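Heads up: the structure comes next, in structure tokens.
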There are 2 protein chains.
Amino acid sequence: MIAGSKLRMTKQRQLILEELRKVTSHPTADDMYQVLRKKMPKISLGTVYRNLEILSDTGIIQKIDVGGTQKRFDADISTHYHIRCTICGRVADVHMEPHMELEAEAQKLTDYEILHHRVEYIGICPECRKKQS
Amino acid sequence: MIAGSKLRMTKQRQLILEELRKVTSHPTADDMYQVLRKKMPKISLGTVYRNLEILSDTGIIQKIDVGGTQKRFDADISTHYHIRCTICGRVADVHMEPHMELEAEAQKLTDYEILHHRVEYIGICPECRKKQS
DNA sequence: CCTCAATATAGTAATAATTATTGTTTTATT
DNA sequence: AATAAAACAATAATTATTACTATATTGAGG
């Protein structure tokens, strides 16, 4: 979340940001790479990782970690909750107001200084539910 | 969470469970390995991983994933919330009642079938706070 | 309490995700 | 246009975890 750092706007960085802003699927670095290489065949996976890292460090995008083996990225930097399908791993937004009172409640019970909180739901997505029945 | 599976009680498995039950520090597999090898020098890291996996699959312990690069384990299988220190990575319990109404609220807003939820706090632990000032 | 098949083990190799290195190219400022 | 800083592609290295394999242990049935 370090702001004010003047990033150079390279073709690669611009495309990465552009493509991430087009989707709401919370892609992994490799998901992004697969999409990006169609438009820029010489882009390297390292560049994708490095830029997603830089963009999230500067607060332009957010890195999310909702279980599974890979990190995911989201161009929506507002505080919002996620739900993850326990079968296919897909991650979706849950459009509810964040419960800020959870922080006040927890602060009474812990010696830690609470900075923020995350709520994650685990469930089954419509597609996987269909396949089950 | 598959119950009824009859596990063989090996010395290794017993010790792993015993040591995990002694702590509230949510150790990683490697943390466990470092402690265990003092009491059983020939135990292998693979055995630690395999048993922590089996024990969590059968619901005897729980595997937790609160960000960071390593999975953590907890002998306390009740639903409870965690807080993670953003500086040192330490994870502690937050002893508050789970807010089950979060699930009902989210269920109205998503097509996913909600199975459960997790709340994770991010903050600074007392030790790291001391060092900062 | 012995036998034996199933399961677990130690040790090691393999895999997956991510990060680091390096020599070259690009950016954007002078 | 010159140039220094930053970013790039390609590749190597690292970290966490899982898989493999030959040997050893467990516990049920006799």
Side-chain angles (χ1 to χ4, degrees), chain A residues 2 4-20 26-58 60-74 84 88-89 91, chain B residues 2 4-20 26-58 60-74 84 88-89 91:
Chain A
I2 301 113
S5 48
K6 43 191 169 180
L7 293 186
R8 212 185 252 185
M9 206 33 83
T10 63
K11 289 186 177 74
Q12 291 84 343
R13 185 166 295 159
Q14 201 160 317
L15 183 62
I16 289 168
L17 189 51
E18 210 170 89
E19 292 298 316
L20 186 61
H26 312 84
T28 63
D30 195 70
D31 289 341
M32 287 296 291
Y33 178 56
Q34 298 309 329
V35 170
L36 292 161
R37 62 192 314 193
K38 285 176 190 160
K39 306 210 169 172
M40 190 184 278
K42 302 232 69 178
I43 199 169
S44 88
L45 181 56
T47 296
V48 177
Y49 270 103
R50 182 168 24 77
N51 279 299
L52 289 171
E53 191 63 33
I54 290 169
L55 290 169
S56 60
D57 279 353
T58 50
I60 297 169
I61 65 173
Q62 82 176 115
K63 195 200 284 199
I64 60 185
D65 185 355
V66 282
T69 54
Q70 290 157 284
K71 299 279 188 300
R72 292 172 174 274
F73 297 88
D74 192 344
R84 161 178 246 270
C88 68
V91 174
Chain B
I2 299 115
S5 47
K6 43 190 169 178
L7 293 187
R8 211 186 251 186
M9 207 32 82
T10 62
K11 290 185 177 75
Q12 290 83 348
R13 185 165 296 157
Q14 201 161 318
L15 184 63
I16 290 168
L17 189 52
E18 211 170 88
E19 292 298 316
L20 186 61
H26 312 84
T28 63
D30 197 69
D31 290 341
M32 287 295 292
Y33 179 56
Q34 298 308 330
V35 170
L36 291 161
R37 63 193 313 192
K38 286 175 190 158
K39 304 208 170 176
M40 190 183 277
K42 301 231 71 175
I43 199 168
S44 87
L45 182 56
T47 295
V48 177
Y49 269 104
R50 183 166 23 77
N51 279 300
L52 289 171
E53 191 63 33
I54 290 169
L55 290 169
S56 61
D57 280 353
T58 51
I60 297 170
I61 66 172
Q62 82 177 113
K63 194 199 283 198
I64 60 185
D65 185 355
V66 283
T69 55
Q70 290 157 283
K71 298 281 187 299
R72 292 172 175 271
F73 297 87
D74 192 344
R84 160 178 247 272
C88 69
V91 174

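Order of the sequence lines fixes the chain letters, A, B, ..., with proteins taken first and strands second; residue numbering starts at 1 for each chain. Just so it is clear, the model here is predicted, and its values are computed rather than measured.
- One atom, CG of Leu52(B), and another, P of dA16(D), lie 15 Å apart when rounded to the nearest Å.
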(Q) I'd like to compare against my own output: the B/S/- annotation of nucleotides 16-30 of chain C with a strict under-4.0 Å heavy-atom distance to protein. (A) -SBB------BBS--
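- Axis angle between the ends of the helix from dC1(C)-dG30(D) to dT30(C)-dA1(D), five pairs each and rounded to 10 degrees, works out to 30°.
- Contacts between residues 34-44 of chain B and DNA chain C, defined by a heavy-atom separation below 4.0 Å, involve Lys42(B), Ile43(B), Ser44(B), listed by number.
- Legend: residues meeting side-chain hydrogen bond (donor to acceptor under 3.5 Å, both in side chains) with Thr28(B), ordered by chain and number and at least two apart, are Asp31(B).
- Between Asn51(B) atom CG and dT25(D) atom P there is a gap of 16 Å when expressed in whole angstrom units.
- Looking at residues two or more places apart in sequence or on another chain, you find no salt bridge (Lys or Arg N to Asp or Glu O under 4.0 Å) involving Lys38(B).
- Side chain of Arg72(A) to backbone of Val91(A): no donor-acceptor contact under 3.5 angstrom is found.
- Whole-Å rounding puts the Ile54(A) CD1 to dC8(D) C1' distance at 11 Å.
- One interatomic measurement links the two molecules: CG of Leu15(A) to P of dA7(D), which rounds to 17 Å at whole-angstrom precision.
- Residues Ile60(A) and Leu7(A) have side chains in contact (heavy-atom distance under 4.5 Å, counting atoms from C-beta outward).
- Counting heavy atoms from C-beta outward, Leu36(A) and Met32(A) have side chains that approach closer than 4.5 Å.
- Rounding to whole angstrom units, CZ of residue Phe73(B) and P of dA16(D) are separated by 13 Å.
- Applying the side-chain hydrogen bond (donor to acceptor under 3.5 Å, both in side chains) criterion to Asp30(A), with sequence neighbours excluded, gives Gln34(A).
- Taken to the nearest 0.5 Å, the CD1 atom of Ile61(B) stands 10.5 Å off from the CD1 atom of Ile54(B).
- Looking only at side-chain heavy atoms (C-beta outward), Arg50(B) and Thr47(B) come within less than 4.5 Å of each other.
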